[in-house]
Amino acid sequence: QVQFVESGGGLVQPGGSLKLSCVASTFSLQHYAIGWFRQAPGKEREVVSCINGIDSTTYYVDSVKGRFAISRNNAKKTVYLEMNNLKPEDTAVYYCANEVVVLPTPDCHYYGMNSWGKGTAVTVGS
């Protein structure tokens, strides 16, 4: 399967910005839908944003709409998550995965069975 390495997390003050990167292990990034997920302490993992591999269809969870933007650069085999106006509730470990499907409802569903990677930690606070 495709392997991903997440990076770009860190400590940021509320209202600040971060840009996360998810680098794929293959040259076929355009064939995959990619999703960003996060897991905050004491909470279940949730989908944050997804992007289709074929078209530009995207999904954002309501809590990040207008603040986050997902994009991809196929040449660099990388998917990005630009996060703006960060809030303390955005604090979590962020993961990316390719075993997702973007639905028109709208929704993004993770159907994978493989282990999650290390992720990249985002801490929003002062």
Side-chain angles (χ1 to χ4, degrees):
Q1 66 170 344
V2 178
Q3 303 294 317
F4 296 100
V5 177
E6 303 95 339
S7 64
L11 175 64
V12 63
Q13 295 186 24
S17 300
L18 285 173
K19 188 174 183 179
L20 307 183
S21 297
C22 173
V23 181
S25 62
T26 75
F27 295 99
S28 301
L29 183 64
Q30 69 272 23
H31 299 302
Y32 295 95
I34 307 295
W36 280 100
F37 300 79
R38 67 186 180 188
Q39 186 166 25
K43 296 184 178 180
E44 295 182 358
R45 195 190 314 273
E46 67 170 340
V47 61
V48 178
S49 181
C50 299
I51 185 169
N52 267 349
I54 301 300
D55 57 30
S56 60
T57 301
T58 58
Y59 166 82
Y60 298 93
V61 67
D62 286 345
S63 61
V64 309
K65 287 181 178 178
R67 300 190 297 118
F68 290 11
I70 190 170
S71 62
R72 64 175 180 263
N73 185 319
N74 292 336
K76 295 183 178 181
K77 302 182 295 181
T78 304
V79 176
Y80 304 97
L81 184 67
E82 185 175 5
M83 306 183 295
N84 302 301
N85 191 25
L86 284 161
K87 303 177 180 180
E89 52 263 42
D90 295 318
T91 296
V93 177
Y94 285 71
Y95 307 85
C96 61
N98 65 297
E99 294 175 298
V100 301
V101 57
V102 180
L103 302 173
T105 30
D107 199 0
C108 182
H109 176 69
Y110 175 74
Y111 61 85
M113 299 178 62
N114 299 303
S115 299
W116 294 89
K118 296 180 180 180
T120 185
V122 173
T123 302
V124 184
S126 58

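We count residues from 1, following the sequence as given. In this text the structure is predicted, and so the values were computed from the model without any measurement.
A salt bridge links K65 with D62: the distance from a Lys NZ or Arg NE/NH1/NH2 to an Asp or Glu carboxylate oxygen falls below 4.0 Å.
When side chains are defined from C-beta on, F4 counts as touching C96, because their heavy atoms get closer than 4.5 Å. Between R38 and V122, every side-chain heavy-atom pair lies at or beyond the 4.5 Å cut-off. Residues I51 and Y32 are not in side-chain contact: their nearest non-hydrogen atoms beyond the backbone lie 4.5 Å or more apart. For the pair W116/R45, a side-chain contact is recorded, criterion being any heavy-atom separation below 4.5 Å from C-beta on. Using a 4.5 Å cut-off on side-chain heavy atoms (C-beta onward), V100 and F37 make contact. The closest side-chain heavy-atom distance from E6 to W36 is below 4.5 Å. The closest side-chain heavy-atom distance from Q3 to V5 is not below 4.5 Å.
P14 and G125 get closest at one heavy-atom pair: CD-C, 3.8 Å. The shortest heavy-atom contact between G9 and T120 is N-OG1, 2.9 Å. The heavy-atom pair separating F68 from V48 by the smallest distance is CD2-CG1, 3.7 Å. Closest of all the heavy-atom pairs between V93 and G119 is CG1-CA, 4.0 Å. Closest of all the heavy-atom pairs between L18 and G8 is CD2-O, 3.8 Å.
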Derivation of the side-chain contact (heavy atoms from CB on, under 4.5 Å) call for V12 and M83 = CA-CA 11 Å; V12 63; M83 306 183 295; over 6 Å; no
So Y80 and E82, side-chain contact (heavy atoms from CB on, under 4.5 Å) or not? Walk me through it.
-> CA-CA 6 Å; Y80 304 97; E82 185 175 5; 6.0 Å; no
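Here CG of L20 is found 5.0 Å from CG of L81. Values are rounded to the nearest 0.5 Å. One finds the OG atom of S21 at 13.5 Å from the NZ atom of K77 (value rounded to the nearest 0.5 Å). To the nearest 0.5 angstrom, D107 atom CG is 8.5 Å from C50 atom SG. For the atom pair CG (N52) and CG (L103), the distance works out to 9.0 Å, reported to the nearest 0.5 Å.
A donor-acceptor contact shorter than 3.5 Å links the side chain of T91 to the backbone of V124. In this structure a side-chain-to-backbone donor-acceptor pair under 3.5 Å is missing from Y59 to V101.
Considering V23, N98, I34 as possible partners of V79, the one that fulfils the side chain to side chain contact (heavy atoms under 4.5 Å, CB included) test is I34.
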